[in-house]
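Each chain gets a letter, A, B and so on, in the order the sequences are listed, and its residues count up from 1.
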Amino acid sequence: MKRLSESEFKRLFRRGVSQIINEDELLRMMQSGRPLRLKQGFDPSFTDIHMGHVVGLRKLRQFQQLGHQVVLIVGDWTARIGDPTGRSATRPMLTGDQVKANAQTYMEQFFKIVDKDRTEVRWQSPWFEKGIFGLEDVIRLSSKFTVAQFLAREDFARRYSEGHPIAITEFLYPLMQGYDSVMIESDVEFGGTDQVFNCMVGRQLQEMVGQKPQQVFLMPLLVGTDGVQKMSKSLGNYIGVTDPPAEMYGKTMSINDSMIIPYLELLTDVPDEEIEHFSTGMADGRLNPMTVKKRLAHELVKDFWSDKDAGEAADEFARTVQQKEVPDEIPVLKIAGGSTALLSAEISRAGLAKSRSEARRLLEQNAVEINGKTVNEDLEMGKIDDGSVIKVGKRRYIKVIREK
RNA sequence: GGAGGGAUGCCGGAGCGGCCAAUCGGAGCAGACUGUAAAUCUGCCGCCCUAAGGGCUACGUAGGUUCGAAUCCUACUCCCUCCA
């Protein structure tokens with residue numbers, strides 16, 4: 001394995017990195033010529049990968065390109081506990097089948113970014129399964145740590161002081177995650193900054209059994225489309241890797257201007273110099289943030305779909321959002337000849353509003369247009385011409401087709 | 001085992017007998033504006049009724065007191081804290 005060039009070093013160790021424990025040691029290991037085992041775990045309690053995860057997966061791919069080996073841990077046991085990181089909501093127990101199905105979907109998405117040929121997939125079951133791992137092991141493992149150590153972890157400390165419950169099983173989570181490191185003889189564990197504690201437990205456990213403790217590679221958490229909280233599915237502020245091009249593009253355009261640069265750094269290969277240029281340009285007003293954001297949106301759609309899709313999504317955005325034109329394809333609402341049904345009822349029936357009350361509110365708020373003309377009155381459907389286009393809100397359309 | 005505190009709308013969190021479909025913040029939605037589905041401002045934000053009005057269902061669950069309850073009482077369920 002060759003020495004890292006200056007630019008490779010910067011790309012790997014500086015961009016999109018929050019903290020590396022221990023950087024010098026990791027560098028030494030990389031120069032040794034041995035392919036490193038890069039640990040990345042996930043809980044099959046969810047299926048969809050979003051941009052927040054992509055930050056780490058891209059980093060894994062960069063290491064793979066230098067010949068290193070990813071070891072993907074399917075946390076079929078830890079999924080039963082639920083990672084305490086972040087929120088305290090208890091997760092429902094999953095059945096074995098659900099876990100398998102989730103893992104399947106997850107991996108399909110995972111390998112959109114990470115090189116499958118340089119990935120080893122390991123399930124936790126072989127070392128945590130009943131009959132192999134017993135109470136004795138649980139006791140042995142947990143006796144190595146103290147409550148004070150665990151309460152030092154920021155999010156346990158916070159929940160404890162705020163009077164929020166912490167289940168005993170949640171203490172087991174880091175232990176299990178750490179044990180994984182031992183079982184796969186991990187060289188480096190990758191994770192978001194919220195994973196420090198869990199990763200450090202892995203280091204300690206490895207050391208206790210005489211393994212060389214893993215290095216820890218931490219990446220920043222991506223802020224979600226709301227611009228405040230970390231991107232997560234449960235908060236609904238995410239851009240999924242399987243989102244269709246137009247949606248991916250649109251969601252990206254809706255992010256806060258202040259997040260454009262971080263997104264470019266963490267999610268794209270746009271060169272540093274160019275990002276620097278964007279950054280200063282926007283700061284002194286020479287560049288319109290919208291232009292830069294369009295570039296970002298294009299990059300993302302290009303990476304997950306294709307350059308062509310990105311171009312189409314961009315056109316679509318320009319037409320429907322900026323020029324406020326009607327999109328090419330819109331759903332059809334079939335209506336009987338002399339229907340006396342009211343517009344509000346049909347709007348909610350067609351799913352353009354959650355309830356009829358909401359449809360009425362939208363009418364009042366000038367949010368409903370028929371063929372480009374704002375409508376306030378709750379018309380009878382029979383009075384609407386065949387082929388009319390009804391627009392509700394910013395981007396919900398439907399076309400009326402009359403049946404005889 | 002004992003003592004205290006709590007359960008409110010998507011989330012956080014007020015209210016503590018009528019003025020409560022419930023203050024406020026966040027999220028969401030809409031309108032205006034705009035160089036963007038950014039920011040900002042304004043409005044909306046349980047459901048149903050062709051409706052300046054009316055009805056129904058809601059404040060952990062089940063009963064009760066009262067002309068009237070999210071607010072008081074009783075039991076139950078769940079959660080938190082402290083003592084043992």
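Using a 4.0 Å heavy-atom criterion, one finds that A:Lys394 contacts the sugar-phosphate atoms exclusively. Backbone-only contact: A:Ile255 has heavy atoms under 4.0 Å from sugar-phosphate atoms and none from a base. Within the 4.0 angstrom heavy-atom criterion, base atoms lie near A:Leu287. Counting non-hydrogen atoms under 4.0 angstrom, A:Gly250 reaches a base of the nucleic acid.
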Can you build the contact string for nucleotides 45-57 of chain B? Use B for base contact, S for sugar-phosphate-only contact, and - for no protein heavy atom under 4.0 Å.
S-SBBBB------
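B:C56 is paired with B:G46 under the Watson-Crick or G-U wobble criterion, all donor-acceptor distances under 3.5 Å. Remark: B:U23 base-pairs with no nucleotide in the shown strands. Criterion, Watson-Crick or G-U wobble with two distances under 3.5 Å. Across all strands shown, B:A51 remains unpaired; no Watson-Crick or G-U wobble contact has both distances below 3.5 Å. For B:A7, the paired base is B:U77 (Watson-Crick or G-U wobble, both distances below 3.5 Å). Searching all strands for a Watson-Crick or G-U wobble partner of B:C41 with both distances below 3.5 Å returns B:G31. Figure legend. B:U65 is base-paired to no nucleotide; pairs are counted as Watson-Crick or G-U wobble with both atom distances under 3.5 Å.
The aromatic rings of A:Phe13 and A:Phe63 are tilted relative to each other, their planes meeting at an angle between 30° and 60°.
Residue A:Arg396 has its side chain nearest to B:C29 when only B:C44, B:C29, B:A37 are considered. For A:Asn256, the listed nucleotide lying nearest its side chain is B:A39; candidates were B:A39, B:A37, B:A30. Counting only heavy atoms from C-beta on, A:Asp257 has its side chain closest to B:U36 among B:U36, B:G31, B:C29.
Under the side chain to side chain donor-acceptor pair (under 3.5 Å) test applied with A:Glu189, the options A:Gln40, A:Gln215, A:Arg37, A:Gln214 reduce to a single match, A:Gln214.
To the nearest angstrom, C1' of B:A38 lies 13 Å from CD1 of A:Ile239. Rounding to whole angstrom units, CE of residue A:Met259 and C1' of B:A39 are separated by 13 Å. Remark: C1' of B:A38 and CG of A:Asn237 are 16 Å apart, rounded to the nearest angstrom.
A distance of about 29 Å separates the C1' atoms of B:A27 and B:U61, rounded to the whole Å. Comparing B:A75 with B:G25, their P atoms are spaced 39 Å from each other, to the whole Å. Here, B:U77 and B:C44 have their C1' atoms 37 Å apart, quoted to the whole Å. Taking atom C1' on both nucleotides, B:G13 is separated from B:C24 by 8 Å, rounded to a whole Å. Taking atom P in both B:C16 and B:C73, one finds a spacing of 15 Å when rounded to whole Å. Rounded to whole Å, the P atom of B:G4 lies 22 Å from the corresponding atom of B:U8. Annotation: B:G15 and B:G53 have their P atoms spaced 30 Å apart (nearest Å). Rounded to the nearest Å, the gap between the C1' atom of B:U65 and that of B:G28 is 41 Å.
In this structure, A:Phe42 has its ring center at least 6.0 angstrom away from the ring center of A:Phe110. Annotation: A:Phe171 is in aromatic contact with A:Phe156 [ring centroid separation under 6.0 Å].
Take the nearest nucleotide of RNA chain B for A:Val392 and for A:Arg395: the residue whose nucleotide is more 5' is A:Val392. Comparing A:Val321 and A:Asn366 by the nucleotide of RNA chain B that holds the closest heavy atom to each, the one mapping nearer the 5' end is A:Asn366.
Side chains of A:His298 and A:Asp307: a donor-acceptor N/O pair is present below 3.5 angstrom, by distance only. Side chains of A:Gln124 and A:Glu129: a donor-acceptor N/O pair is absent below 3.5 angstrom, by distance only. Looking at A:Asn198 and A:Gln177, their side chains do bring a donor and an acceptor atom within 3.5 Å of each other. No side-chain donor-acceptor contact under 3.5 Å links A:Thr225 and A:Asn237. In summary, the side chains of A:Thr105 and A:Asn102 do not present any donor paired with an acceptor at a separation below 3.5 Å, with no hydrogens or angles considered.
In the interface, the side chain of A:Gln365 is paired with the base of B:G43 through a donor and an acceptor atom under 3.5 Å apart.
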